[in-house]
Amino acid sequence: MTDSRANTRHMPLYIGGERVDTAEHDEIRSPIDGQLVGTAARGGPNEMEYAIAAAKAAHELGDWRNMDPDGRSDILIAISERMNELQDELCALHVRENGVTIRAAIAFHVGYAISHLRYFADCARTYEFEKAGPMLEFPTLAAGLVRREPVGVCGAIVPWNFPLLLAIWKIGPALAAGNTIVVKADEKTPLILLRFAEIAHECGLPPGVLNIVTGAGEVVGAQLAAHPDVRKIAFTGSTAVGKQVQKAATDNLKKVTLELGGKGPNIVLEDADLKEAVDGTLFAFLVYSGQACESGTRLLLHNDIHDEFMEALITRAKTVRMGDPMDFDTDMGPVISAEQKARITRYIESGKAEGATLVLGGGTPEAVVGGHWVEPTIFTDVSNDMKIAREEIFGPVLSVIRIHSEDEAIAIANDTEYGLSAGVWTNDTDRGIEIARKIESGTVWVNDWHMVNHLYPFGGYKQSGQGRELGPHAMDEYTESKFIHADMTRDLDAHIFDVVVSTPWEDM
Ligand code: NAD
């Protein structure tokens with residue numbers, strides 16, 4: 001299964017516009033077959049300190065934040081276009097490094113990364129960095145301006161499941177808004193981000209604007225989250241670590257965004273199109289072997305169609321092809337690591353022990369050799385208080401819960417500490433939207449799943465996170481708001497007066 005286009009060279013860190021190597025290196029082995037994909041420098045406290053200092057120096061120098069936003073946009077566009085040219089190489093590296101299928105790499109992991117970076121490049125041009133407010137007449141005549149200014153040095157901590165895309169969700173708005181950034185890559189998947197740094201460098205990004213450090217989360221990740229010179233931290237990962245990041249960020253009152261775990265309720269009502277809902281349910285829980293935070297892992301299935309639906313779902317699930325992820329016919333690849341497989345296996349055992357019925361999978365597929373593989377696995381007779389219904393498994397495991405009414409479905413959907421994603425399958429779109437209104441979740445799909453869109457906010461209710469990524473408000477998360485009040489009684493010729501009078505607030 002070794003792909004000849006995969007990258008097998010050594011990748012140093014990227015700090016202050018330079019490649020920085022370290023004494024210790026990590027071997028990155030593919031979850032597909034255990035073969036070496038490449039080696040990466042392993043960052044430690046010194047490298048993280050150096051990276052934050054480089055980002056601070058670049059911010060203070062001001063070349064990037066004072067650059068015309070169109071100029072910043074041009075550089076970000078150049079990077080996304082270069083990524084597009086290198087798409088084959090980037091996809092092959094991504095497939096080898098984190099085991100995603102080539103189809104998903106092209107569409108989501110790399111494809112979205114390119115188009116979302118392009119979106120944020122456009123935001124640099126369209127975002128209102130300064131706008132005039134209404135004239136103030138009391139207590140004196142005054143003009144008001146609201147500016148959005150970069151916060152300074154930003155930190156980003158990203159997980160292994162979508163290492164490039166989730167970094168772009170932070171790098172894109174941070175750089176479009178004029179900040180500098182230090183990204184902590186995940187230990188398991190640093191290569192794709194270090195390759196991205198080379199591309200950004202080649203496209204003329206000034207030194208220190210983007211810095212990428214690898215290394216242990218509890219060492220360099222914690223350091224980044226706590227550092228007094230970092231003014232904003234954006235984290236994607238588990239809820240447990242997200243809480244630690246938030247605590248570490250309080251000492252200097254950083255701005256914080258957290259994208260955390262999920263346990264997506266997937267409601268299939270009695271009037272749903274059976275075939276569409278079966279395919280949609282598989283898509284919802286099997287994308288990237290169930291290792292997507294917004295997967296649909298709790299199927300809330302209406303009693304009236306339960307047996308017919310389950311028969312069709314199991315039949316269809318048996319056709320899911322597992323094998324070489326570089327093969328376009330492959331539907332599902334491995335899970336990320338031996339530890340992750342062991343964790344998933346423990347959940348499968350707990351499902352059996354708590355009395356759920358294992359109706360599909362639960363083991364290792366026969367067709368694969370080496371690597372870390374888990375079969376598509378389905379439990380029926382699940383109740384919402386079982387561990388497999390309450391905790392995020394992060395593997396290809398579906399827990400099916402029988403429901404008898406819309407109200408019961410909504411109550412069970414909301415009976416969770418998570419609130420990242422949800423879905424409803426029904427032939428009546430209005431009914432689906434009405435149910436969507438009642439679900440406590442950052443995203444709800446009606447007759448679809450995984451359709452994250454860069455124009456719309458993404459994030460979680462409750463313990464699934466804080467703040468939102470994507471959409472124009474992502475730019476707000478990376479800027480400070482400044483109100484400039486200018487007394488106008490002495491200077492009616494001031495330029496600001498024309499601006500304020502000619503463009504009243506409500507027209508903007
Ligand atoms: P994780 O929380 O273990 O690690 C995420 C990142 O945090 C890694 O880079 C890691 O090195 C770093 N880290 C670890 N300990 C740290 C600490 N003490 N301080 C600072 N950083 C630290 O998560 P994971 O296992 O890599 O990823 C899986 C989890 O991520 C799942 O729970 C999944 O739901 C979640 N996730 C959420 C989203 C989302 O957008 N909501 C997206 C992808 C993944």
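Remember, it's 1-based here, ligands and their atoms both numbered in the order they're listed.
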Lys/Arg N to Asp/Glu carboxylate O, E202 vs R195, below 4.0 Å
no
Tell me every residue that passes side-chain hydrogen bond (donor to acceptor under 3.5 Å, both in side chains) with H372, counting only those two or more places apart in sequence or in another chain.
none
Euclidean distance, I344 CD1 relative to E339 CD, rounded to 0.5 Å:
11.5 Å
Every residue of the protein that comes under 4.0 Å of ligand 1, judged on heavy atoms:
I157, V158, P159, W160, N161, L166, K184, D186, E187, G217, E218, G221, A222, F235, T236, G237, S238, V241, Q244, V245, E259, L260, G261, C293, E392, F394, L420, F458
How would you list, by chain and number, every residue that makes a side-chain contact (heavy atoms from CB on, under 4.5 Å) with T236, sequence neighbours excluded?
P159, L166, K170, E259, E469
Nearest heavy-atom contact between V182 and A51 is CG2-O, 3.6 Å
With sequence neighbours left out, write down each residue that passes side-chain hydrogen bond (donor to acceptor under 3.5 Å, both in side chains) with S383, or none if nothing qualifies.
D385
